[in-house]
Colleague: 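Sharing a structure here in structure tokens format.
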Protein chains: 2
Amino acid sequence: MKLIYQFNEGNKDMKDILGGKGANLAEMTSLGLNVPPGFTISTTACRKYLEDNVLWLELKETVLSNLRLLELKTEKSFLGNRNLQPLLLSVRSGAPNSMPGMMDTILNLGLNDTSVKLMADFTSNERFAYDSYRRFIEMFSNVVAEIPRIEFEKQLESVKIEKNYNSDSDLTISDLKLLIEKYKKIYFDFEKTEFPEDPTRQLFLAVEAVFRSWNNPRAITYRNLHKISHDIGTAVNIQSMVFGNMGKTSGTGVLFSRNPINGNDELFGEYLMNAQGEDVVAGIRTPLEISELNKEFPNIYKELFDTSKKLELYFKDIQDIEFTIENGKLYFLQVRNAKRTPLAAVNSACEFVSEGLIDKKEAIKRISSKDIENLLHPVFDDAYLKKSKVVGKGLAASPGAASGKVYFSPADVTIAKNKGEKVILVREETSPEDIEGMLYSEGILTSKGGMTSHAAVVARGIGKCCITGCEDIAFNKDEKYIVINDVVIKEGDFISIDGSTGNIYLGEIPKVKLDTNENFKILLKWLDEFRKIGVRANADTPNDAMHANQFNTDGIGLCRTEHMFFNKIRIPIVRSMILANYEDERKEYLDELLKFQREDFVEIFKLMDNKPVTVRLLDPPLHEFLPKTDVEIKNLAASMGLTMNDMLYRIENLKESNPMLGHRGCRLAITFPEIYKMQARAIIEAAVISKENGININPEIMIPLVCDKKELKFIKNHLVDEINKVFKEKSNSVEYHIGTMIEIPRAALLADEIAEEADFFSYGTNDLTQMTFGFSRDDSNKFLFDYMNHDVFSTNPFSTLDKKGVGKLIEMSAQLGRTTNKNIKLGICGEQAGDPEALELYSKLGITYLSCSPFRIPLVKLALAKLAINQDSAGQSITN
Amino acid sequence: MKLIYQFNEGNKDMKDILGGKGANLAEMTSLGLNVPPGFTISTTACRKYLEDNVLWLELKETVLSNLRLLELKTEKSFLGNRNLQPLLLSVRSGAPNSMPGMMDTILNLGLNDTSVKLMADFTSNERFAYDSYRRFIEMFSNVVAEIPRIEFEKQLESVKIEKNYNSDSDLTISDLKLLIEKYKKIYFDFEKTEFPEDPTRQLFLAVEAVFRSWNNPRAITYRNLHKISHDIGTAVNIQSMVFGNMGKTSGTGVLFSRNPINGNDELFGEYLMNAQGEDVVAGIRTPLEISELNKEFPNIYKELFDTSKKLELYFKDIQDIEFTIENGKLYFLQVRNAKRTPLAAVNSACEFVSEGLIDKKEAIKRISSKDIENLLHPVFDDAYLKKSKVVGKGLAASPGAASGKVYFSPADVTIAKNKGEKVILVREETSPEDIEGMLYSEGILTSKGGMTSHAAVVARGIGKCCITGCEDIAFNKDEKYIVINDVVIKEGDFISIDGSTGNIYLGEIPKVKLDTNENFKILLKWLDEFRKIGVRANADTPNDAMHANQFNTDGIGLCRTEHMFFNKIRIPIVRSMILANYEDERKEYLDELLKFQREDFVEIFKLMDNKPVTVRLLDPPLHEFLPKTDVEIKNLAASMGLTMNDMLYRIENLKESNPMLGHRGCRLAITFPEIYKMQARAIIEAAVISKENGININPEIMIPLVCDKKELKFIKNHLVDEINKVFKEKSNSVEYHIGTMIEIPRAALLADEIAEEADFFSYGTNDLTQMTFGFSRDDSNKFLFDYMNHDVFSTNPFSTLDKKGVGKLIEMSAQLGRTTNKNIKLGICGEQAGDPEALELYSKLGITYLSCSPFRIPLVKLALAKLAINQDSAGQSITN
């Protein structure tokens, strides 16, 4: 049972024993970097302490013998030798997993009334020595004895008031000495014992404090949340201090081996001579660019440059390096993989591949979905963002950033847009009719609805930024203003919304656009090389299809025909069709719609030559299409030759208490088979026309909301009849398939029967989640917040697939389906397509393709490529 | 291969060979009844004919030799002996299963130009003989040669017009003779051959026609629908005719061995001398009561009396006997178990048991659920019903019959009721607030909602008759009238509604009340002896509990606490509680409600001493409780000290797009745990108070709409804390259980996890059906009609359990639940409790109890007793 490791005794793989920080310091040391020497008390020691609650003799002795080694290495003295510079220590916790809530750091441990004077002499900086001593007492008292910092701040403030000082730097040396006495008094008052002068006692108390902090309530909560065992314990890192402020040949800085903003292969960083890290942070002096160091100290610059290159080669990634120069000698304090912007992430990953440092798999692993998400949407400029006030927060429903003037109706948005204004549409919730207004807006903000509300789904589909469910918004529609948390925002006021955080800001914030560059395109190709599951787009219009092609879509997995119904010319026909009382009347309007739908399909098919296109027949409840304002209703009544009362009566008749569970999807086709027949005709006629133009499309016709085999069969019979008519009329034919959505629990339970009538299944995970939980997508936001808050749910089942429940149904039904139709094709379309655990399930079940919004295609491809790479490396067999 | 059986060669168990009719005639003959002799051609012969399509020699010879036997027995001549009365025959089909669509009957076969004269002589009734001949030609031509009847009717009409006759009876003998010639001409024109004079040829043609009719399209459709094999074939019954119109000592009649209206042990029936059965039907003469026969022909009466008693003893049931007297000789034409009223069914079954004729099991088997249903609800008097006009039809949502003046709001109902009027409440749909109005009404009629809508469920619960979903009703609320299929019904007009048929009538129709008599109570006890599954009541009030006790309930399976919230004093408090913005404010109102709930429970517990009571905590979405009219909203705002705008805003905030999938059930308790805590406190305080009063109640607290184990656990923890507080305060305790509804598909899928936290599961089949199908209970009526119409569904899944889907979930979850909690108690509460196939499933799964509306308890007990009896007789093992 080895209790303590010198830094040169460990390496990066010893995290369990040395903790993350300790393993890193050991690795740096073993790489030959000049790391300020030190040692690590192992987690083994911590575990024993947590059992006994006392530092035992053997541990103490081992600490002391290692301290002695440290004194020898640094040629400094900890216990007090007036001829040597005092050895001051930093003491830090370091668990195997990074863990906030535990004790962090005590600096300058070892200072006391004697050593402070020695430090003053050695640094020739008395003020620095006493200020360090003052800070050490405060830090130690706070961390070890848990005395509130406010007690010390009060003393400091009273001196500053008394002396009429503006800043801490006005304090004289004698002020500092006085404060030190007062600080010690505070310690005594709280602890009923003197502040420990003996450095060894200081150290043991600090070590115990680190050990104890493992069981801080905050640390325990954190471990519970992240499912980390409570039995691991933390290591303690004890390291000699080095000082960048010991004169003109001392200094401190940060260096990146490449530019972390754009990934360019150039040293990047800044430094400050005769300064400590905290001086940089405090902003008292402005640091210099790292290239300046080459002029001042070319040797040190060269050493830094060489080391950074060496480290990059070793770690095969951009390195973030903290260094200190003490009396001309370079020390490395920390080395780690650099945080970078999404742009830098993609660029550097591709560069590393072309330089041969890493392979494509590794490059893919390094890209996160956040990187991709951010690359595809403009983001607010950080510099301005910091100065902006958050007035409210909603759900981050569709990523991106947008500023614009607020308008509260799609009509007003259109007017403003035509005037050339940038607009944010703010509404309680959106409906299919608002699409034009949404298209004209920079972004959408709603007070109701969740991550899969209409606003959220459409916004993601059209790549607009969107915040939903901001329940703090109160509307005053008459006077055209809203109130968010007491802030009044009038029509035409500027706001900015961040769809990646859900934050709402007052005013306009400049944006940065991370254009999709060449490397991004290369990366996309690599993803296609590795992934084993198809990725198709949810695309309802030629425009959507074009976007999807930009990301090399494998086809269209969900073409929602109802979205073709909304536009100024078509919607009155759709409305008349819905409100018609007789089949003959309805057919007239359907014939008009047929032309429009056929044209749309011809356009879409042109873009999808040789790719599969799955078209879903009409799905939403009919009343969603109905006119809402009095004027619209009046106009429609006039055009249909109805009295206003008759019209209102027909509209009233279509109302439902629970439209999600109502007359929608294929249920419409049981009542009005002619609607689906028209749609099937439009699809097939378009496919035949395409064929005549040399374009190859074998449409997949998808029937939504099926719950029973006979239901599917009834509708299929109607469709096949109609399609055969088309073939006869055209003296031509195309191959086609008819399948069904699996989105009703009963369909999943009876998938074996249903598969007898279906060429394919497409899982609608949104609806399936809705029905399996009995959670309305539009209403559940309100209470799901409480579920997450009380830790009843760890995730929102509409954003992360519920493996246990919904996943079980998907698994059951895939297996059942194959018992009667072994070649049945399985697809997924839903909002959780990027969830890695869900992808594992889909891969296991042999899903053929996932379908998602065009703008999410790269994200899903990334997740699928990563999954395939992981499976390959785990040597798992992969279903196709 | 025996082709033909004389009636005395068979018995009732030979249906497969002789068909149903043939077996019955054989049985009557073998019992020694004087049945007009005859024989049956077996189904074996039919099957051979259907293969060869020709009557083969052996069959023809066998028919002829049996005919010869018949001539000997009857001392009549078929082939023509001028000294003997002609032997006329009836030829009828008779398949093993009664089957409409096949050839039925040819009477008087054997008549020709020669025998008609003989018949005229023997009967001394020339007119009768020629009229019979005319009818025979028409019947034969139609049935055998498929000549449309209209051809013959036209001839008849033209004679009547020419001679200015009013009725067929005005036809003279010469008219008839003329018509006979014309009829034969028609036959010739169609068949290009003379009408067959030879009786043997007539007979063979008729036999072939019967055989062929097995494959009538209508018969095939019928067999497909009822899953009857197409390979069975039909038998042919050939029987000698007897005539009740051969003079004063001839006659015909119908007799019941007991009164089929009330079951009394007295001969019941009527007869007519010198008449044929069709004279009675035609209503030309009025038949006499059977007791009159005792005066006219005491010997025949005695023979009838003795035979009817003998038959009743033999068949152990009330007998329905058709007889004919030919020249003083009594013939029995048909004997079968009598159709009877529900009252007669119950009374006679009980009488038979006390007379030792049958055992209790047999008595139970003879009672149908319709009998019980009708016994419990008054029905319209048939005599008046026939004269009443059906103006519309809705769903038969709650049985019974009611007449009253229509009113369109619960308030108007109350006013009218206070004036002493009988009222029918007519509304689009009802809500919990309408309960008072519903209680005051004779019946309820709604234009929306299905079999499990609020109106339907409540009506069944309180035993009111109810029709829902009558979509033909158009409301004019301002002028207080409705229009049903062009009939205008104003407020205050009388209508009558039949909740057993869904029919709506104009005006008032007198009712017959079949009071629950002593025999019914005896029967109820027998049901309790046999059934193996508990039956509890859905009871929300002491009144419900009392009703349930009338039917010996095993306890309460579902006490819906929300129904306690609706009454004038409580509802404003409930509303204030819901609209409170802060927990403190809400608690004040909850404390007030606590008192009311506790009182209710004390009352209910008093009635349920030593029986289990399952209380479901608050379930519906909160907005159901909110005020709707402006006045109510204004008053509430005033009482809560809110502005009207604030109040409207809060109300608006509670609105949901799909309340069924919204913030309801235990989701309310995740957001507001204090509501469920109050309810748990009320239940437990009431149980402790009951205990102090010597009443033993171990309450079962049921949490609705659970979908996840952690959700249940979170709520349970809150409840247990609160209950322990009560125990401490009261220094007393009671045993209690906490369980959950299984009504969300996910709960069924994860029942193993959930069972770890639940003492019991109660399946809410209404909600489970709703979620499994994705069908809103309130909206699906509209399209389910089309589903049934197109034969996509054969039953409404809200009335008949969907075994394949919902049943699968129930089965899965029962099995999963037992893997982690092997003693978990399982109950069912839903509207399909009486469905026999569902009961088989429940029995197989070891369900402990079913819970239903108090008024359905006898029905469910009947179904369970029958199930147990069937299982016993099938020797199956029965789980408890």
Side-chain angles (χ1 to χ4, degrees), chain A residues 429 448 471 474 621 649 653 655-665 667-668 670-673 705 707-708 710-711 713-714 743-750 753 767 770-780 782-787 789-793 802 804-806 808-809 812, chain B residues 429 448-449 471 474 621 649 653 656-663 665 667-668 670-673 705 707-708 710-711 713-714 743-750 753 767 770-780 782-787 789-794 802 804-806 808-809 812:
Chain A
E429 55 196 336
K448 293 186 179 170
E471 302 204 339
Y649 178 71
N653 249 345
K655 276 206 186 139
E656 295 184 303
S657 349
N658 298 284
M660 273 293 178
L661 301 173
H663 200 189
R664 54 176 285 234
R667 297 162 196 174
L668 294 170
I670 300 287
T671 313
F672 312 115
L705 226 65
C707 73
D708 191 272
K710 279 172 90 177
E711 185 186 37
K713 194 172 160 61
F714 175 87
E743 51 190 343
I744 297 282
R746 193 174 188 272
L749 292 165
L750 300 181
E753 292 192 8
D767 260 307
Q770 177 164 255
M771 307 288 183
T772 305
F773 279 86
F775 284 169
S776 162
R777 284 198 277 159
D778 299 326
D779 305 309
S780 58
K782 211 189 285 184
F783 55 84
L784 278 178
F785 179 79
D786 294 314
Y787 273 72
N789 222 15
H790 293 312
D791 196 32
V792 175
F793 284 0
D802 162 46
K804 279 194 200 169
V806 179
K808 189 174 186 173
L809 278 181
M812 264 179 79
Chain B
E429 53 196 335
K448 293 186 179 171
E471 303 205 340
Y649 179 72
N653 251 344
E656 294 183 304
S657 347
N658 297 285
M660 272 294 179
L661 303 172
H663 200 188
R667 298 163 194 173
L668 294 170
I670 300 286
T671 312
F672 311 115
L705 226 65
C707 72
D708 191 273
K710 278 173 89 178
E711 184 186 38
K713 194 172 159 62
F714 174 86
E743 50 189 344
I744 298 281
R746 193 173 188 272
L749 292 166
L750 300 181
E753 291 193 8
D767 260 306
Q770 177 163 254
M771 306 289 182
T772 305
F773 279 85
F775 286 168
S776 162
R777 284 197 277 159
D778 299 326
D779 304 307
S780 57
K782 211 190 284 183
F783 54 85
L784 277 179
F785 179 79
D786 294 314
Y787 273 72
N789 223 13
H790 294 309
D791 196 32
V792 175
F793 283 0
S794 55
D802 162 46
K804 279 195 200 168
V806 179
K808 189 173 188 176
L809 277 180
M812 264 180 79

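Nothing here was measured: the structure is a model prediction, and the numbers come from that model. Just so it is clear: chains get the letters A, B, ... in the order the sequence lines come, proteins before strands, and each one is counted from 1.
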Colleague: What part of B:A474 lies closer than 4.5 angstrom to a heavy atom of chain A: side chain, backbone, both or neither?
Modeller: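 Contact with chain A involves both backbone and side-chain atoms of B:A474.
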Colleague: Most heavy-atom pairs under 4.5 angstrom with chain B, which of A:N789, A:D791, A:L705, A:D767?
Modeller: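 Ranked by contacts with chain B, first place is A:D791.
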Colleague: Checking A:K804 side chain against B:L750 main chain: does a donor-acceptor pair fall under 3.5 Å?
Modeller: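 Side chain of A:K804 to backbone of B:L750, a donor-acceptor pair under 3.5 Å: no, none is there.
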Colleague: Non-hydrogen atoms of chain A under 4.5 Å away: do they reach the side chain of B:Y787, the backbone, both or neither?
Modeller: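 For B:Y787, backbone and side chain are both near chain A.
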Colleague: Would you check, one step at a time, whether the test side chain to side chain contact (heavy atoms under 4.5 Å, CB included) holds for B:E471 with A:N653?
Modeller: CA-CA 9 Å; B:E471 303 205 340; A:N653 249 345; over 6 Å; no
Colleague: Tell me whether A:D778 contacts the main-chain N or O of B:S657 through its side chain, where contact means a donor paired with an acceptor under 3.5 Å.
Modeller: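 No.
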Colleague: What part of B:T671 gets closer than 4.5 Å to chain A, counting heavy atoms only: side chain, backbone, both or neither?
Modeller: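 When you check distances to chain A, atoms from both the backbone and side chain of B:T671 fall under 4.5 Å.
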Colleague: With B:E656, which residues qualify under side-chain hydrogen bond (donor to acceptor under 3.5 Å, both in side chains), at least two apart?
Modeller: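 side-chain hydrogen bond (donor to acceptor under 3.5 Å, both in side chains) list for B:E656, sorted by chain: empty.
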Colleague: Of all residues at least two apart in sequence or in a different chain, which pass the salt bridge (charged side-chain N to carboxylate O under 4.0 Å, His left out) check with A:R667?
Modeller: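 For A:R667, no residue satisfies salt bridge (charged side-chain N to carboxylate O under 4.0 Å, His left out) once neighbours in sequence are set aside.
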Colleague: Between A:F793 and chain B, which part of the residue has a heavy atom less than 4.5 Å away: side chain, backbone, both or neither?
Modeller: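 When you check distances to chain B, only side chain atoms of A:F793 fall under 4.5 Å.
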Colleague: Working note: B:F775 + A:L661, criterion side chain to side chain contact (heavy atoms under 4.5 Å, CB included); need CA distance, chi angles, decisive distance, verdict.
Modeller: CA-CA 5 Å; B:F775 286 168; A:L661 301 173; 5.9 Å; no
Colleague: Sub-3.5 Å donor-acceptor pair from the side chain of B:K808 to the main-chain atoms of A:L749, do we have one?
Modeller: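 Yes; judged by distance alone, with no hydrogens or angles, the pair exists.
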Colleague: If you compare all heavy atoms of B:G774 against all heavy atoms of A:M771, which two are closest, and at what distance to 0.1 Å?
Modeller: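 Looking at all heavy atoms of both residues, the closest pair is CA-SD, 3.7 Å.
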Colleague: For A:D802 and B:R746, run side chain to side chain contact (heavy atoms under 4.5 Å, CB included): C-alpha distance rounded to whole Å, both residues' side-chain angles, the deciding distance at 0.1 Å, then the answer.
Modeller: CA-CA 10 Å; A:D802 162 46; B:R746 193 173 188 272; 2.6 Å; yes
Colleague: Flag the one option from A:C707, A:G665, A:A748 with the top tally of heavy-atom pairs under 4.5 Å to chain B.
Modeller: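 Max contact count across the listed options: A:C707.
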Colleague: Can you say whether B:Y649 sits under 4.5 Å from chain A via the side chain, the backbone, both, or neither, judging by heavy atoms?
Modeller: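 Contact with chain A involves the side chain of B:Y649 alone.
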Colleague: Contact part of B:K448 toward chain A, heavy-atom cut-off under 4.5 Å: side chain, backbone, both or neither?
Modeller: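 For B:K448, the side chain is the part near chain A, not the backbone.
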Colleague: Check whether B:E753 gets within reach of chain A through its side chain, its backbone, both or neither, counting any heavy atom under 4.5 Å.
Modeller: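 Side chain only.
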Colleague: Could you check whether any side-chain N or O of B:N658 sits under 3.5 Å from a backbone N or O of A:S776, counting only pairs where one atom can act as donor and the other as acceptor?
Modeller: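 Checked: no pair found.
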